[in-house]
> 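The structure follows.
Within every chain, numbering begins at 1; the chains are lettered A, B, ... in the order of the sequence lines, protein sequences first and strands thereafter.
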2 protein chains.
Amino acid sequence: MKKALKTPTMKDIARITGVTQATVSYAINDSEYISETVKKRVLDTADELGYIPNLVARNLKKRTTNTIGIVVPDVMNSYYNEMVKYNEKITRELDYFTFICNTMHDADIEDWYIISLIQQKVAGVIICYGLTNRACYKKLYKHNIPFVAIDDEVSDEEGEAPCVLLNNIKGSFLVVQHFISLGIKKIAYCSEPLYNMALRDRYEGFKVAMKEFGLPIKDEMVYIAKEDNEYEKIELGYIATKEILAKGKPEGIFASTDQMAFGVIKRLNELKIKVPQDIAVIGYDNVPFSSVISPSLTTINQPIMTMCIQGTDTLFKVIRREEEIKRKITLEPSIVIRQSAP
Amino acid sequence: MKKALKTPTMKDIARITGVTQATVSYAINDSEYISETVKKRVLDTADELGYIPNLVARNLKKRTTNTIGIVVPDVMNSYYNEMVKYNEKITRELDYFTFICNTMHDADIEDWYIISLIQQKVAGVIICYGLTNRACYKKLYKHNIPFVAIDDEVSDEEGEAPCVLLNNIKGSFLVVQHFISLGIKKIAYCSEPLYNMALRDRYEGFKVAMKEFGLPIKDEMVYIAKEDNEYEKIELGYIATKEILAKGKPEGIFASTDQMAFGVIKRLNELKIKVPQDIAVIGYDNVPFSSVISPSLTTINQPIMTMCIQGTDTLFKVIRREEEIKRKITLEPSIVIRQSAP
DNA sequence: CTGTTAGCGCATTCAA
DNA sequence: TTGAATGCGCTAACAG
């Protein structure tokens with residue numbers, strides 16, 4: 001059990017200052033039961049020694065940590081990393097640390113991370129966009145780790161947990177509605193694999209809306225990717241467009257994520273098909289780039305900041321045992337109209 | 001000191017199996033000095049109880065942890081988050097955990113994170129794109145936390161550390177060279193604030209190359225943002241373009257990052273200025289979107305994957321005390337020619 | 001106010 | 001091979 005050079009501990013400070021280690025602890029933790037003079041002496045030598053508290057020891061003693069885990073499919077995806085950024089900020093401001101858990105929708109990686117987070121004794125976990133491996137929810141629940149799910153619903157059987165939900169059904173409805181308001185009825189749909197509830201709901205919402213407006217859904221106008229391990233999301237949209245155009249002539253393409261929509265537009269641009277004149281395109285997520293691409297992308301905006309604030313807020317309430325919340329919050333999306341479907 | 005419900009510990013397993021806690025430890029850690037029969041009994045009850053080792057305790061005992069910190073300016077930036085993703089992957093495969101430290105170039109946040117990482121007793125730190133607060137390097141060094149700097153150089157005075165460097169001077173040279181090969185001599189330069197070595201070197205490289213090719217650098221053709229707290233990078237490029245066009249008529253614009261280049265193109269598109277016919281644009285970083293935007297972006301490619309592998313590899317060598325490395329690795333960039341400057 | 005004491009859960013030395 | 005004992009560095013009763 002070799003180890004780095006020793007860093008000063010409370011014991012060292014105690015020895016030098018001529019008090020007990022407990023007294024040092026009081027001083028460091030600014031206890032009210034300690035004289036100013038002793039405190040000053042202790043803190044001065046602590047300073048001199050460059051003392052930095054050992055959180056591992058403190059955590060062991062307190063039987064809890066000031067770390068949380070954030071589980072996310074892919075930090076490289078614009079939509080997901082926005083979530084990471086906001087959450088990191090909120091968490092940091094509460095003096096908590098964040099373990100980043102990038103799962104790539106892989107059930108085994110999810111499992112490894114959840115187990116490891118439990119071992120690390122994290123105070124809580126934020127799960128963004130759902131877990132492929134549903135058994136993981138049970139593990140967290142069983143081991144008493146508070147968690148919130150953002151944009152995914154956790155059933156009571158999997159472990160009661162607060163959720164911040166987005167009305168994805170409504171979002172898809174807004175898309176179809178907008179297409180129709182443009183006089184577009186031949187609408188194609190493309191999506192990455194239906195990994196999580198959000199994607200399933202978007203697809204479901206599309207079907208519901210089409211039905212509601214009395215429009216048929218033709219199989220050849222729907223492209224749901226099987227596996228995307230080999231492709232980037234953008235590439236997926238590109239491929240989807242190829243497939244769709246090979247089989248039919250839509251007037252509008254609804255991509256279930258902006259990333260895919262970028263691929264769609266890329267392909268259409270290459271084919272010199274005019275967007276939106278020949279084919280209009282609508283995405284979903286309103287990632288920063290959607291306003292940069294040309295034509296700029298009409299898309300569905302999600303209140304990500306609000307989702308994070310609500311989610312983190314709820315998580316910390318549970319961590320602090322202020323409430324035993326199982327509340328579900330549902331937020332509403334809105335449509336952002338830009339050039340690709342004006 | 002309230003606490004969550006108790007989870008089973010080695011002691012519990014010991015009591016139930018009728019052995020000592022030490023024996024349980026042997027079994028769990030697969031020690032060679034334990035009989036198969038006892039080991040099986042122990043592991044079985046461990047399983048039954050759903051035992052999960054407490055890493056906090058283990059870490060305290062071993063006086064080291066299996067966590068590292070990754071310090072990065074902004075996970076929402078495509079260029080930076082690629083680094084996070086690769087590093088997370090490599091680190092996870094080594095059974096290590098990653099604390100994400102998002103600094104937004106803020107010296108205070110950097111300081112908070114570095115101090116906290118020391119408190120958390122991380123095994124090492126990966127610093128991407130440099131720290132604004134140079135004193136932080138000294139702290140890590142003083143507290144004996146191994147670290148590597150990626151795309152930043154750490155002086156010996158700040159604490160000797162291995163670095164993975166990129167030849168940013170060369171990258172800028174390639175840009176200027178390419179402009180000239182296109183017959184473009186009136187080249188404008190725009191950059192976000194010169195936070196780190198990479199950005200300073202790119203600017204420096206631009207000046208050096210211009211000089212080498214005998215071209216003048218006019219003040220009005222250079223836009224270095226002062227502060228960008230209020231703006232997104234893309235917005236910065238947008239603003240920079242306004243400023244530059246107000247003062248002159250460049251034939252080419254060199255943006256020090258792709259993000260800024262996107263803003264440049266956005267503005268030019270709005271003004272119906274044709275890219276590259278009227279003004280050619282070259283970025284830097286080769287982020288995934290650079291191939292998606294239209295016109296697609298000519299840019300400088302950085303071997304990010306290699307940087308991560310080299311960086312992490314070096315860090316873990318130091319962590320394992322295999323070598324006391326202070327080596328500096330320099331990688332070379334290359335130009336990717338696309339439509340914006342064909 | 002300060003010292004004494006007792007662990008937190010685990011790994012590891014030394015005996016047996 | 002297993003048990004007993006020790007301590008990692010810290011917090012928090014409790015006693016004085």
> If I take atom CG in residue B:Asn59 and atom C1' in nucleotide D:dC10, what distance separates them, rounded to the nearest angstrom?
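Nearest whole value for this atom pair: 15 Å.
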> Any Lys/Arg nitrogen of A:Arg41 or A:Asp44 sitting under 4.0 Å from an Asp/Glu carboxylate oxygen of the other?
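Salt bridge between A:Arg41 and A:Asp44, a charged N being under 4.0 Å from a carboxylate O: no.
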> Tell me, which pairs form a side-chain hydrogen bond (donor to acceptor under 3.5 Å, both in side chains) where one or both residues lie in residues 310-319 of chain A, sequence neighbours left out?
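Passing the test, one end in residues 310-319 of chain A: A:Asn87-A:Thr312, A:Asp313-A:Lys317, A:Thr314-A:Arg327.
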> Find the distance B:Ile28:CD1 to C:dT12:C1' and express it as a whole number of Å.
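Going from B:Ile28 (CD1) to C:dT12 (C1'), I get 16 Å.
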> Could you check, using the six-membered ring where one of them is a Trp, whether B:Tyr129 and B:Tyr79 have ring centers closer than 6.0 angstrom?
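Close enough - the centres of the two rings lie under 6.0 Å apart.
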> CD of B:Gln120 versus P of D:dC8: gap in Å, rounded?
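Distance, rounded to whole Å: 21 Å.
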> Do A:Arg134 and A:Glu158 sit within salt-bridge range, that is, some charged N less than 4.0 Å from a carboxylate O?
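Looking at A:Arg134 and A:Glu158, the cut-off is met.
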> What is the distance from CG of A:Asp30 to C1' of C:dC1, rounded to the nearest Å?
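Going from A:Asp30 (CG) to C:dC1 (C1'), I get 14 Å.
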> Rounded to whole angstroms, how far apart are CD on A:Glu32 and P on D:dA13?
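Nearest whole value for this atom pair: 13 Å.
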> Could you check if a side-chain atom of B:Gln120 sits within less than 4.5 angstrom of a side-chain atom of A:Thr67, using non-hydrogen atoms only?
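Yes; the side chains approach each other to less than 4.5 Å.
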> Around atom NZ of B:Lys328, are there more than 12 heavy atoms from other residues, nucleotides or ligands closer than 6.0 Å?
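Above 12, so yes.
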> Taking only nitrogen or oxygen atoms into account, show me every contact under 3.5 Å that the protein makes with nucleotides 6-10 of chain C, one pair per line with its distance.
unit_1: C:dG7; atom_1: N2; unit_2: A:Lys61; atom_2: NZ; d: 2.8
unit_1: C:dG7; atom_1: N3; unit_2: A:Lys61; atom_2: NZ; d: 3.0
unit_1: C:dC8; atom_1: O2; unit_2: A:Lys61; atom_2: N; d: 3.3
unit_1: C:dG9; atom_1: OP1; unit_2: A:Arg63; atom_2: NE; d: 3.4
unit_1: C:dG9; atom_1: OP1; unit_2: A:Arg63; atom_2: NH2; d: 2.8
unit_1: C:dG9; atom_1: N2; unit_2: B:Ala57; atom_2: O; d: 3.4
unit_1: C:dC10; atom_1: OP1; unit_2: B:Tyr51; atom_2: OH; d: 2.4
unit_1: C:dC10; atom_1: OP1; unit_2: B:Asn54; atom_2: N; d: 3.1
unit_1: C:dC10; atom_1: OP2; unit_2: B:Met10; atom_2: N; d: 2.8

> Salt bridge check, A:Glu36 against A:Lys39: does any charged N sit closer than 4.0 Å to a carboxylate O?
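So A:Lys39 pairs with A:Glu36 through a salt bridge.
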> D:dA13 base to A:Tyr26 side chain: any donor-acceptor pair below 3.5 Å?
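Checked by distance alone, the answer is yes.
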> With a 4.5 Å limit on heavy-atom distance, are the side chains of B:Val75 and A:Glu88 in contact?
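No; the side chains remain at least 4.5 Å from each other.
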> Please list, in numerical order, the residues of residues 35-43 of chain A that have a heavy atom closer than 4.0 Å to any atom of DNA chain D.
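Nucleic-acid contacts, sorted: none.
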> Check whether any side-chain nitrogen or oxygen of B:Thr20 sits under 4.0 Å from OP1 or OP2 of D:dA4, and answer yes or no.
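No.
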